[in-house]
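Every chain is numbered from 1, with letters handed out A, B, ... down the list of sequences. Owing to the predicted nature of the structure, the values given are computational and were not obtained by experimental measurement.
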Amino acid sequence: MIKIILPDKSVKEFNKGVTGIEIARSISEGLARNVLSVSVNDEVWDLNRPITKDAHIKLHTWDDKEGQATMWHSTAHLMAAAIEELFPGAKFGIGPDIDNGFYYDIDFGDKVLRPEDLPKIEKKIKEYVSQKHTFNREEMPKNKALEYYKIKNDEYKVELINELEDGNITFYKTGNFVDLCKGPHLMDASPIKAVKLISIAGAYWRGDESRKQLTRVYGISFPKKKLLDEYLEMLEEAKKRDHRKIGREMELFTFSQNVGQGLSLWLPKGAQIREILENFLKKVQLKAGYQQVITPHIANKNLYIQSGHYEKYGKDSFQPIKTPNEDEEFFLKPMNCPHHCEIFKSKQYSYKDLPVRFAEFGTVYRYEQSGELHGLTRVRSFTQDDAHIFCRPDQLKEEFIKVIDIIMLIFKALEFKDYKAQISLHDPDKMENYIGTIQNWEKAEKAIIEATNEKGLDTEVVKGEAAFYGPKLDFMVKDALNREWQLGTIQVDYNLPERFDMEYVGSDNKKHRPVMIHRAPFGSMERFVAVLTEHCAGKFPLWLTPEQIIILPISEKYQKYAEKVLNLLKNYELRSRIDERNEKTGKKIRDAETGKIPYMLIVGEKEEQNNTVSVRKHQQGDMGTYSVDDFAKIVVDEINSILDF
RNA sequence: GCCGAUGUAGCUCAGGGGUAGAGCGUUUCCUUGGUAAGGAAGAGGCCACGGGUUCAAUUCCCGUCAUCGGCUCCA
């Protein structure tokens with residue numbers, strides 16, 4: 001007998017060689033029906049693999065990540081089996097489960113896989129499912145495995161096997177398809193009730209640009225047809241929220257081939273959103289002791305040689321601008337920090353002057369590869385809400401806390417409720433990759449961790465993700481569709497103070513090196529507006545939306561009164577407009593609703609006589625009648641309740 | 001940059017070897033209206049751009065550019 005310890009710490013005795021599915025059955029038939037895989041001492045196993053020693057186990061169903069991963073990974077195998085049957089000679093790379101489904105990288109030789117091939121493959125997979133194809137775990141010595149794939153002429157698997165340690169290698173067999181795989185898998189395909197192949201893409205073998213590009217087929221599967229429908233609906237919803245689509249519909253921004261790829265043109269309404277965001281942050285920063293600075297869009301190449309950016313990114317940048325006569329070269333500014341370093345260096349600082357905080361909405365230019373460009377989230381020119389804090393080492397933690405406060409304030413104002421912080425630390429085994437002393441690194445990392453603890457942030461610590469010049473704290477927000485985006489960032493930098501030989505005079509009357517903090521709560525204005533647009537599906541918060549109020553006269557007879565209302569609203573600095581079109585009220589309301597305007601003011605005979613407006617709120621309907629002043633005060637209060645900090 | 005797909009009116013899209021169509025929007029006219037689409041008429045396209053095949057190309061082929069889905073990259 002062996003002891004099986006369940007997650008609730010209860011202990012059950014079973015015969016040696018008991019399997020996950022048998023344990024599930026002993027608990028309940030329902031569980032046995034739904035269980036997909038089992039963790040044995042934190043390793044996920046097949047349900048029919050015998051457990052021979054005492055173990056902690058956890059049964060996985062669709063409700064946990066491991067269960068989903070098991071189903072997806074097994075579906076990837078079924079897809080590969082289907083492809084092997086339909087396209088003989090296809091060679092297989094890797095086929096893992098991912099966050100949303102699975103993929104398989106396949107070399108089709110000369111054959112080009114087309115979207116219209118996917119339904120055929122899906123059909124074949126469904127066939128296998130209805131035949132309840134099993135996944136059988138087998139072990140094979142390494143040399144035999146190599147032989148098998150050499151005969152099959154699959155150089156990808158040969159490469160993978162060659163990298164494995166000697167000894168037995170595990171395979172899974174499903175139908176005629178045998179795949180190198182450490183598992184785990186479903187016992188058979190029957191839990192897979194719905195499969196959808198999503199897309200085809202190219203992917204370099206092992207992610208290496210210099211190697212062959214394989215065809216990657218993405219797919220997803222579910223234990224219920226309804227879940228697939230919901231997933232597809234979610235994809236549709238994401239499409240509807242796409243900032244590129246909303247940006248066009250709401251006239252926020254555009255692109256022009258004449259101007260160039262990745263160079264956004266901000267239309268009046270989009271520019272207004274940006275300006276409001278900028279003014280908001282400027283106000284916050286003014287209170288927090290920041291000073292605005294302004295720097296040019298180009299700088300002498302020497303600046304970037306000194307900062308080190310030239311060496312690292314010079315070749316990938318827009319190439320330098322040359323002066324006509326003297327042999328001078330200037331780069332479009334890819335970073336604001338070297339400029340701010342020069343500003344710091346323009347005068348002498350005492351320890352009492354620190355910290356110094358320079359802020360600038362600085363537009364930078366980076367040559368992104370053409371295939372990388374994507375709406376506003378990846379562009380070649382963008383404006384960072386940048387600031388650089390120059391402080392003493394002992395001020396690091398306090399400054400971090402202050403920046404975190406700013407970021408949280410912003411998230412609150414913009415209704416990002418679900419966020420977490422990622423702390424990126426150095427990799428202790430690769431100290432040679434970093435600049436700065438180990439003592440400084442440890443001090444800085446301690447300061448970050450303490451700061452996030454004090455703020456009670458939900459944090460994730462990742463070793464080895466730090467920049468070469470210092471550790472950092474990134475903020476990831478989840479949008480309304482549960483997608484994660486990286487927005488604000490705070491980074492410690494020991495490199496630039498060194499390279500620019502920055503110093504301040506300490507209380508000991510000696511020169512000391514300041515620490516620099518880079519921070520950008522929005523990240524880039526372009527990217528932030530994109531994420532915000534998708535988060536709120538174009539229904540921007542009242543204080544931010546370009547058109548807050550639209551006045552709808554019942555007929556042309558009330559145009560004069562509408563203008564009077566408009567002028568009154570202007571006194572309250574509310575952004576409003578009259579719908580002057582010769583349309584019926586129902587049409588005007590409909591257009592205002594689809595246009596996502598928060599408030600509609602309907603004015604006709606009654607309103608003109610009583611000096612009132614009939615208020616309709618977006619998506620909520622009729623709110624009743626108010627005097628213009630009362631209405632305006634309500635709206636102003638609503639805005640101030642968010643902007644009051 | 002790489003693999004694949006796409007490019008037709010301001011937008012969303014249909015069509016197809018014989019120089020083009022719908023809906024929405026826009027313009028004008030009728031209508032003067034009360035909480036999610038009133039009616040009529042008109043304007044609007046070098047069918048992305050450049051080559052080739054053909055009597056004839058928007059349609060087929062090649063190239064370029066741009067966009068989309070990924071890969072690689074992201075100070």
Side-chain angles (χ1 to χ4, degrees), chain A residues 103 105 107-108 112-117 198-218 235 239 242 244-245 248-249 251 254-262 304 307-314 316-317 333-338 364-375 377-380 382 384 386 467-469 472 486 489 491 493 495-496 518 524 527 552-559 581-595 600-607 614-625:
Chain A
Y103 66 78
D105 283 348
D107 183 352
F108 283 91
V112 177
L113 192 73
R114 290 176 197 286
E116 50 270 30
D117 294 320
I198 303 285
S199 66
I200 302 172
Y204 299 109
W205 172 233
R206 317 206 80 176
D208 185 342
E209 226 181 328
S210 67
R211 307 196 64 178
K212 185 161 179 180
Q213 201 159 54
L214 308 181
T215 303
R216 175 171 297 179
V217 185
Y218 284 94
L235 291 183
K239 256 192 212 164
D242 193 316
R244 294 166 298 184
K245 180 175 149 69
R248 209 175 14 242
E249 286 167 356
E251 299 180 2
T254 189
F255 289 89
S256 153
Q257 292 193 29
N258 258 342
V259 175
Q261 276 189 292
Y304 302 111
S307 72
H309 292 115
Y310 178 75
E311 193 192 340
K312 224 169 152 59
Y313 300 102
D316 305 323
S317 294
K333 162 165 85 173
M335 293 286 287
N336 300 303
C337 32
V364 297
Y365 303 86
R366 296 177 185 177
Y367 180 80
E368 304 290 357
Q369 297 190 66
S370 62
E372 267 319 315
L373 301 170
H374 180 96
T377 57
R378 196 77 187 271
V379 283
R380 285 179 173 164
F382 57 95
Q384 295 177 315
D386 215 356
F468 72 94
Y469 48 76
K472 61 177 179 174
Q486 196 217 299
T489 177
Q491 312 186 354
D493 189 344
N495 178 41
L496 289 178
H518 307 246
S524 97
R527 197 182 148 77
L552 312 180
I554 295 285
S555 84
E556 283 163 8
K557 282 189 263 177
Y558 312 105
Q559 174 68 18
R581 294 174 308 164
N582 181 4
E583 293 288 354
K584 289 175 111 166
T585 310
K587 171 72 168 162
K588 290 183 182 179
I589 288 171
R590 182 184 152 83
D591 288 344
E593 287 284 349
T594 55
M600 287 154 249
L601 300 184
I602 294 153
V603 294
E605 174 134 30
K606 275 184 288 178
E607 289 77 11
S614 174
V615 179
R616 183 188 163 105
K617 200 166 183 178
H618 177 63
Q619 284 183 328
Q620 287 179 33
D622 199 345
M623 308 285 286
T625 305

What about A/R378: does its side chain form a donor-acceptor pair under 3.5 Å with the base of B/rC74? yes
Once base and sugar-phosphate atoms are separated, protein heavy atoms under 4.0 Å mark nucleotides 2-15 of chain B, 5' to 3', with B, S and - as BBSS-----SS---
How would you list, by chain and number, every residue that makes a side-chain hydrogen bond (donor to acceptor under 3.5 Å, both in side chains) with A/N495, sequence neighbours excluded? A/R499
How would you label the contact of A/F255 with the nucleic acid (heavy atoms, under 4.0 Å): base, sugar-phosphate, or nothing? nothing
Any ion pair linking A/K617 and A/D622 (charged N to carboxylate O, less than 4.0 Å)? no
Is any side-chain nitrogen or oxygen of A/H374 closer than 4.0 Å to OP1 or OP2 of B/rG70? no
Would you say A/K557 places a side-chain N or O within less than 4.0 Å of OP1 or OP2 belonging to B/rG33? yes
Mind checking A/D591 for me? I need base, sugar-phosphate or nothing, with any heavy atom below 4.0 Å counting as a touch. nothing
Checking all strands, does A/R216 fall into the base, sugar-phosphate, or nothing category for heavy-atom contacts under 4.0 angstrom? sugar-phosphate
Is a salt bridge present between A/R378 and A/E368, judged by a nitrogen-to-oxygen distance below 4.0 Å? yes
Would you measure the distance from the P atom in B/rG70 across to the matching atom in B/rG17 and give it in whole Å? 34 Å
Do A/D208 and A/S210 have side-chain atoms, one donor and one acceptor, less than 3.5 Å apart? yes
Nearest-Å distance once atom C1' is located in both B/rG51 and B/rC65: 14 Å
So, does A/K588 use its side chain to make a donor-acceptor pair with the main chain of A/R581 at under 3.5 Å? yes
Mind checking the P distance from B/rG69 to B/rU59? Whole angstroms is fine. 26 Å
B/rC65 OP1/OP2 closer than 4.0 Å to side-chain N/O of A/Q261: no
Pairing string of RNA chain B (Watson-Crick or G-U wobble, both atom distances under 3.5 Å; | = paired to other strand) is (((((((..((((....[..)))).(((((.......))))).....(((((..]....))))))))))))....
Does A/E607 reach a base, just sugar-phosphate, or nothing at all? Heavy atoms under 4.0 Å. base
Taking OP1 and OP2 of B/rG69, is either one under 4.0 Å from a side-chain nitrogen or oxygen of A/R244? yes
Determine whether the aromatic ring of A/Y218 stacks with the base of B/rG70, defined as ring centroids separated by less than 5.5 Å and ring planes inclined by less than 30°. no
So, is A/K587 near the phosphate of B/rG25, with a side-chain N or O under 4.0 Å from OP1 or OP2? yes
